[in-house]
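Ligands are counted one by one from 1 in listed order, and the atoms in each one are counted from 1 as well. Only a predicted model underlies this, so the values are computations on that prediction, with no experimental measurement involved.
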Amino acid sequence: MCGIVGYAGNNEAVPVLLDGLSKLEYRGYDSAGVCISGKDGIVVKKSKGRLSSLAEKIKSEGGTEGKVGIGHTRWATHGAPSDINSHPHRYGKVTVVHNGIIENYAELRSSLTKLGEKFSSETDTEVVAHLINKYYIDDPISAIACACGRIKGSYALGIIFDDIPDKIYATRCDSPLIVGIGDGENYIASDIPAILGRTRNYYLIEEGEIAEISKDGIRVCNFDGIPVTKEVQTAEWDIEAAEKGGYEHFMLKEIHEQPKTIKATVDPRMINSVEGILKDEIIDTSSIKRIKIVACGSAMHAGLLGKNAIERLARIPVDVYIASEFRYCNPIFEEGSIVIIISQSGETADSLSSLRLAKKKGIPTYAIVNVVGSSIAREADHVIYTWAGPEIAVATTKAYTAQVAVLYLLALRLANDKRTINKDEAVSIFNAFSSLPDHIEKTFSYTERMQKLASLNSNINNLFFIGRGQDYSLCHEGSLKLKEISYIHSEAYAAGELKHGTISLITDGVPVIAVITEKDVAEKTISNIKEVKTRGAFVILIADRNCVDEKNVSDICDELILLDSTAPLLMPIICAVLLQLYAYYTAVYRGCDVDKPRNLAKSVTVE
Ligand code: AGP
């Protein structure tokens, strides 16, 4: 939800901090700030608005010379975006930057106010500075540990003490935090892209650990001050992968990466026969009797497609939950249940808490995650990585299709193990995976069509996506993509359900995007298309050409996009790319900030 960075080295800290924050703006960008420890003592500069506003302020005001510092880019949770609510927050001898939510901040603030302490901001974070300062005499580790002992909630903290000017301290609970290992310089960051330009080596800080960082070294200890030995992790990402690669937006780059990322995700799991699918990640499937998929947003939409596939092929009941609902609904776990958490970032608070709930109940947990070493990846019993690489655009694309591909592999493995499909069908689907990257590549030939459709519809206010079965599941993702980056209100609707009320909203020119990849229900969806067409809808039909007769559908829709067929199971992945392109170009035509849509953040690490 926010991004934090820190630097201690032989160079000026400000440029390093600003560069690191620029790589973390996807985590939130409504205000930013730095704290520098240098010849002028401790100097804090912070401002509402994007990082560029902070950079301007630093340039015009100066006074930020120093080789040690911490920085922050914010997604507001408590206290509106403003200069005073921006991080860092400072009290007494302590300055902090924070990613997360202090859930008991009101109670802490009240007790500290009663002790005569004055607060200047509306944020939850400010109580952390007050608390650490309250416990600080001459031992920073003890002060941090005592303060954290009173905090309920999530945090990744960067901390500077006035009288320890050459060191940064860091600790975490739930929110992500890494410590970068440099040559004569060291770092802290919320995520790898912030340090990738300077080092690939880092430590993952676990809960209950405190890191002390200086230019000469890194010391990690537990809350009792006992040293902890850490294993060096090495980021495999290349810098190029984290940049735009010549595309106008990260989102378009990541859409176009999907043939490669699907291949990277699927191929390593398809080396042998169907029996070998996910063999390293899922040892025994015989005890699996029911599956609960838990996720948020697009990850949850991937789960919907996973449900369609697993129930159809393996005949195992699947429940898909929105994580923020799951964690508070006192879920019922039947005998033989497993929980699968899907999360691109591996840090989504609701999904992480759902994972912990399942583990507490003794339910086997699996995680489908894109970020190696993320909290969800580390805490699940089993992790199945999507190898989509760094996804920078807030709107997920390649991670979503990689999640769906992993779920389809799981469905095939389960069906084969349980013998619910015959060998020929299993092999046919298995083989279809190998041609999936090529099918996706072919969808880019529709780019101009999608640009034209986007231009036709870019001034609309409402749009509907309709489909049945897996197509209805896909429509949820098509709708979210369009909403989150173009700000057009849209809704995914079961095609057969429209007539039960919502069809009253279909009037002249209202765009309806229909998807047909399920042959068994194609005629039914075509009837629903006719229902909306007679009421004036502008109909765009995206269909598997094996499911419809072109001459029968060309006169009931305004735009027809027919896709070459592959295994029906895999068609939603191919259609998803088209819907991503449609949303992308619509947002571009509307002049929206495609990679950083308003109000959003890439990883929602608060509930
Ligand atoms: C997707 O485009 C959105 N940015 C959002 O719905 C996202 O999928 C959701 O927040 C879940 O994130 P996660 O996969 O990192 O857990």
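The protein heavy atom nearest to atom 7 (C) of ligand 1 is Ser298 N, 4.1 Å. Summary of contacts: the protein heavy atom closest to atom 14 (O) of ligand 1 is Gln344 N, 2.6 Å. If you check which protein heavy atom lies closest to atom 15 (O) of ligand 1, you get Ser345 OG, 2.7 Å. Counting protein heavy atoms only, atom 10 (O) of ligand 1 is closest to Val604 CG2, 4.1 Å. Of the protein's heavy atoms, Thr348 OG1, 2.5 Å lies nearest to atom 16 (O) of ligand 1.
Evaluated by nearest non-hydrogen atom to atom 4 (N) of ligand 1, the leading choice among Ile376, Leu352, Ile485, Val394 is Val394. In the candidate list Glu484, Met300, His301, Glu484 is nearest to atom 3 (C) of ligand 1, counting heavy atoms.
Remark: Ile485 CD1 to Gln580 CD distance equals 9.5 Å, nearest 0.5 Å.
Counting atoms of ligand 1 from 1 in the listed order, those under 4.0 Å from a heavy atom of Ala299 are 8 (O), 14 (O). Interface of Ala395 with ligand 1, defined as ligand atoms under 4.0 Å from a residue heavy atom, comprises 2 (O). In the vicinity of Leu480, heavy-atom distances shorter than 4.0 Å reach the ligand 1 atoms 6 (O). Taking every heavy atom of Lys481 and a limit of under 4.0 angstrom, the matching atoms of ligand 1 come to 1 (C), 2 (O).
At a 4.0 Å cut-off, at least one heavy atom of Cys296 sits close enough to ligand 1 to count as contact.
Backbone and side-chain nitrogen or oxygen atoms of Glu477 are examined, and none is located within less than 3.5 angstrom of a nitrogen or oxygen of ligand 1. Geometrically, ligand 1 and Ser343 share a nitrogen or oxygen pair separated by less than 3.5 Å.
Taking the six-membered ring for Trp and the full ring otherwise, Tyr155 and His98 have centroids separated by 6.0 Å or more.
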Test side chain to side chain donor-acceptor pair (under 3.5 Å) applied to Asn457 and Tyr582, step by step: CA-CA 10 Å; Asn457 293 335; Tyr582 176 75; 3.0 Å; yes
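Because its NZ or CZ atom is both nearer than 6.0 Å to the ring centre of Tyr487 and within 45° of the ring axis, Arg598 counts as a cation-pi partner of that residue.
Defined by atom type and a distance below 3.5 Å, a donor-acceptor pair is missing between the side-chain atoms of Thr586 and Ser486. Checking Tyr400 against Ser298 by side-chain atom types alone, no donor-acceptor pair falls below 3.5 Å. A donor-acceptor contact closer than 3.5 angstrom is absent between the side chains of Thr397 and Gln258. In this structure, a donor-acceptor pair under 3.5 Å is present between the side chains of Glu347 and Ser375.
Note on Arg413 versus Glu281: no salt bridge recorded, every NZ/NE/NH1/NH2 to OD/OE distance being 4.0 Å or above.
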